[in-house]
Structures are given as structure tokens and as C-alpha cells.
Amino acid sequence: MIRFECDYNEGAHERILQRLIETNMEQTSGYGTDPHCDRARSLIRQACDSEQADVHFLVGGTQTNTTVIASILRPYQGVIAATSGHIAVHETGAIEATGHKVLTVPSEDGKITADQVRAVYEAHRSESSPEHCVQPGMVYISQPTENGTMYSKAELQSLFETSKKCGLPLFVDGARLGYALASPDCDMTLADLARLCDVFYIGGTKIGALMGEAVVILNDALKPDFRYMIKQKGGLLAKGRLLGIQFETLFEDGLYLEISRHAIDMAMRIHDSLEEQHIGFLYESPTNQQFPILPDVLLEKLRSQYTFTFWEKVDATHSAVRFCTSWATEQENVDALARDIARLMHEPSETRELAEALV
């Protein structure tokens, strides 16, 4: 079985595994106070061009989202996000479980706009009795989005400026951040991102690490006591160096972006091969997630050899699915997928059902 359903099917990059072996018998202090975490923080600050940034290491994305959001919001506040935002649809109500409502706004491509943020803020202010309603307290986006789309630098700047005017900290979920930064369509650097939000995180779980996310806090008002929140939410890893070593390895020689580019190359290989077959896409994604629209009968045949994620029904006979590449995706598997789809699309012996579905 060849797997394309997510970008964390594999373990970790070999350089990380080797470094973990090399340092295995070192004795260090715990909870992220060791030299490896310190060096990883320094490397991340350099990449962000922000020596004043606070950097913290957590284990996974949901843990990171809940910890950051709970640390920012007052008990009566909620977080603005797209209806398709990860915290709204794929975290089992984790944010609500912390006592905070996700205030969703509609989005066709996974992104939200500055005008939408302003509208939510103004709607609450215009309430005759605003204390009866959840107060918007921050803004959440992801880069890239759940749909593989990306914010441009201009879009992010507009969103950040509007959020500041409304007094709403902007939080960027970067679980797949490397796959955005490595895309040829991306017009911003990590340093640009660090200037255009209050807090974000750099995903390691999906990009070469065994596990781990690096939270980068830029807004001084959000920095105090964050370690207390990490501890309270169960995220202060005793053997914190295991996270520090991984980010130290990812950032010391540009490995993070290097392996992210590989995922983009593989995703574009899938995209271009399907486009040659005149196959349409639900979203035009320049990142590692591709969303082709394919006949259901073809998809059923593909499932015997490949895993992928159903996304949504498009019509009675077609569905959009997600093929997800990673830092470790092998080109031979990508080429096999492309060949099999091409064969199934055009094989003369295919069933009448497939032929009708292609009309």
C-alpha cells in the first residue's frame, strides 16, 4: 500500500535520528532548559530575524493550539477562524473544551480577510448588550490553510494591521509552515511572517521531526508566564531536549526548508500529471496538499493500492480527494500514482460506469 493520506506517515529524517542516537547518553537538565533547546531557540530567532522572540517547544499541534489560545483569551472571549480552520473542524472541540468559543466566518478557499475580522469586531461592538455575547479576543489562521492555499504577504499584512486596530492578537498555525515557505508561489520569508503576527508556530511533526512544534511569541504582552500554561496543559515535556535536538537539527543547515521543498516538488509532480489528464481541482493549491476531482468508480479502484483522504462530494459521480506529500515522499510512488490514474482514465477495458462518470 502506498500512502498519500497525510504528511506524517513516515518517522523522522535520518539526520534527526542520528543526532538523537549521538546525544542519547548525555545528561542534561529537563523541561527545555538544556543546551540543545537553547541552541535551537537561537537558530530559530536568527531565522526569524527577531532576537527578542520567545521560543517554546511543545509536542503536537492540538496541544499547541489549545495552549496558545487559552493563554491569550479571557474566559468570556472567543477566537475568530475560518469555518474550515483546523481548530474548528479537526480538533474534537479542543478549543471549546478550554472554555472558549471558535467564532467561525465563511471561507471558500480556507482563508479569511481583514474585512471579515473587522465585521466580527464591529458586530460585537454594535450589540445593544455586548456582555451577553462571546467577545472576539483573537484571530486564528493557518499558513498554509486546510485547503492547501496560502496567504500572500499583502494579505497577511492587511490582516495583521486590522487585527491590531481591533486589539485582537493574530495567531498563525504553522503545522505545515515549511510547505508554504518552500512553495514557489510564496512571497514571504520566515522573517516576514515574524513581523506580521503576534505569535505563530513552526511545525516539526509534519516536516521531518518525530514530533514537536516550536511556538514563537513576538508580542511582548503575550510572553509572561507562558511556561505556566504549557505545564498546566500537559505540554512541558520532562525530556525537553528531545524536542530541542530535533529543531536544532532542522534549523542548523537549512534542512527544514530543504526537505519542505522536496514535498512541494512531489506535490507539483502529482498536480501537473493530473492536469495533463484534464483533471480539475477543488482548490488550486501550490503546497503539499492536492485536491483533484475524480470519478468515484476510479477512486474505488485506486483504493486497492493507495491511501488518500476523501474531501467532499462534487456531484453524483465525482468526489474531491486529497493527496498529501511529505518530506519523505518517494518519486517512484508519485510516478506510480500518476501512471495508474492515467491508465484508469483511458483504459479501453474500463467499465461502462467509469465511461459514464467521465462524461
Side-chain angles (χ1 to χ4, degrees), residues 3-13 16 44 47-48 60-61 64-65 82 84-86 90 109-111 140-153 155-156 171-194 196-197 200-216 246-247 249-251 254-272 274 281-292 308-309 311 321-331 333-334 337:
R3 311 193 74 91
F4 287 102
E5 81 270 25
C6 67
D7 35 22
Y8 42 91
N9 285 318
E10 299 86 4
H13 192 275
I16 286 177
I44 289 172
C48 293
T64 301
N65 286 332
S84 58
H86 198 74
H90 285 137
D109 61 0
K111 297 191 288 185
Y140 164 96
I141 65 172
S142 60
Q143 176 77 329
T145 71
E146 287 293 286
N147 301 330
T149 55
M150 294 191 306
Y151 289 87
S152 68
K153 184 157 61 173
E155 288 172 329
L156 186 59
F171 170 39
V172 181
D173 177 333
R176 294 188 171 96
L177 181 58
Y179 299 138
L181 296 173
S183 170
D185 287 13
C186 185
D187 65 350
M188 73 178 75
T189 64
L190 191 60
D192 291 327
L193 175 64
L196 297 174
C197 67
F200 71 96
Y201 73 92
I202 301 166
T205 302
K206 293 180 170 68
I207 309 180
L210 285 170
M211 74 290 189
E213 323 295 317
V215 176
V216 183
Q246 294 183 81
F247 279 96
T249 305
L250 287 170
F251 275 84
L255 181 63
Y256 190 70
L257 283 181
E258 177 187 326
I259 62 178
S260 294
R261 289 189 192 99
H262 171 76
I264 300 302
D265 290 343
M266 295 300 98
M268 292 304 104
R269 199 172 181 90
I270 292 174
H271 178 277
D272 293 347
L274 299 188
F281 294 82
L282 186 64
Y283 310 110
E284 278 302 321
S285 165
T287 62
N288 72 313
Q289 301 178 87
Q290 296 299 310
F291 300 86
F308 46 87
T309 304
W311 211 251
V321 297
R322 183 184 72 171
F323 293 114
C324 202
T325 60
S326 82
W327 61 275
T329 298
E330 297 181 4
Q331 183 175 319
N333 290 338
V334 167
L337 174 67

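Below, each value reflects all heavy atoms present in this structure, side chains not excepted, and no hydrogens, waters or symmetry copies.
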- Does some side-chain heavy atom of F200 sit less than 4.5 Å from a side-chain heavy atom of S142? no

- Qualifying side-chain hydrogen bond (donor to acceptor under 3.5 Å, both in side chains) pairs with a residue from residues 176-191, counting only residues at least two apart or across chains: D7-R176, T189-D192

- Item | Side chain T64, main chain E213, donor-acceptor under 3.5 Å | no

- For P286 and G148 the tightest heavy-atom approach is CD-O, 3.4 Å

- Task: Report yes if some heavy atom in the side chain of R322 is under 4.5 Å from a heavy atom in the side chain of C6; otherwise report no.
- Result: yes

- Message: Using 0.5 Å steps for rounding, measure from the CH2 atom of W327 to the CG atom of L250.
- Response: 9.5 Å

- Query: Going from CG on N147 to CG on D109, what distance comes out if it is rounded to the nearest 0.5 angstrom?
  - Reply: 7.0 Å

- Message: We want to know whether H271 and E284 form a side-chain donor-acceptor pair, criterion being a heavy-atom distance below 3.5 angstrom.
- Response: yes

- Item | Approximate separation, where rounding is to 0.5 Å, of M150 CE and L181 CG | 9.0 Å

- Would you say T205's side chain and G212's backbone share a donor-acceptor pair under 3.5 angstrom? yes

- Flag, side chain of K111 to backbone of T145, donor-acceptor distance under 3.5 Å: no

- Query: With under 30° as parallel and over 60° as perpendicular, where do the rings of Y256 and F251 fit, or are they tilted in between?
  - Reply: parallel

- Query: Do you know the tightest heavy-atom contact between G178 and S260?
  - Reply: O-CB, 3.3 Å

- Message: Please check if the number of heavy atoms outside Y8 that lie under 6.0 Å from its OH is greater than 12.
- Response: no

- Polar contact flag, side-chain donor to acceptor under 3.5 angstrom, Y140-D173: yes

- How far apart are the closest heavy atoms of C324 and Q289, and which atoms are they? SG-CG, 3.9 Å

- Message: What's the separation between atom OG1 in T325 and atom CG in N288, rounded to the nearest 0.5 Å?
- Response: 4.5 Å

- Closest non-hydrogen atoms of H86 and N65, given as atom of the first, atom of the second and distance, are CD2-ND2, 4.5 Å

- Message: Using the ring pair (Phe, Tyr, Trp, His ring centres under 6.0 Å) definition, which of the options F323, W311, F308 pairs with F291?
- Response: W311

- Query: When rounded to the nearest 0.5 angstrom, what distance separates CD1 in I259 from CD1 in I264?
  - Reply: 12.0 Å

- Query: Does any non-hydrogen side-chain atom of L257 lie less than 4.5 Å from one of L190?
  - Reply: no

- Query: Are side-chain heavy atoms of F247 and I202 found at a separation under 4.5 Å?
  - Reply: yes

- Mark yes or no for whether R3, through its side chain, and N9, through its backbone, hold a donor-acceptor pair below 3.5 Å. no

- Query: Within the side chain of Q143, is there an N or O that forms a donor-acceptor pair under 3.5 Å with the backbone of Y151?
  - Reply: yes

- Student check: side-chain heavy atoms of Q246 and H13 closer than 4.5 Å: no

- Task: Dump the intermediate steps for side chain to side chain contact (heavy atoms under 4.5 Å, CB included) on F4 and I270, then the final yes or no.
- Result: CA-CA 11 Å; F4 287 102; I270 292 174; 4.1 Å; yes

- Note on the structure: Taking every heavy atom of E330 against every heavy atom of M266, the minimum-distance pair comes out as C-SD, 4.3 Å

- Query: Atom CD in Q290, atom CZ in F281: separation rounded to 0.5 Å?
  - Reply: 6.0 Å

- Closest non-hydrogen atom pair, S84 against E146: O-CG, 3.1 Å

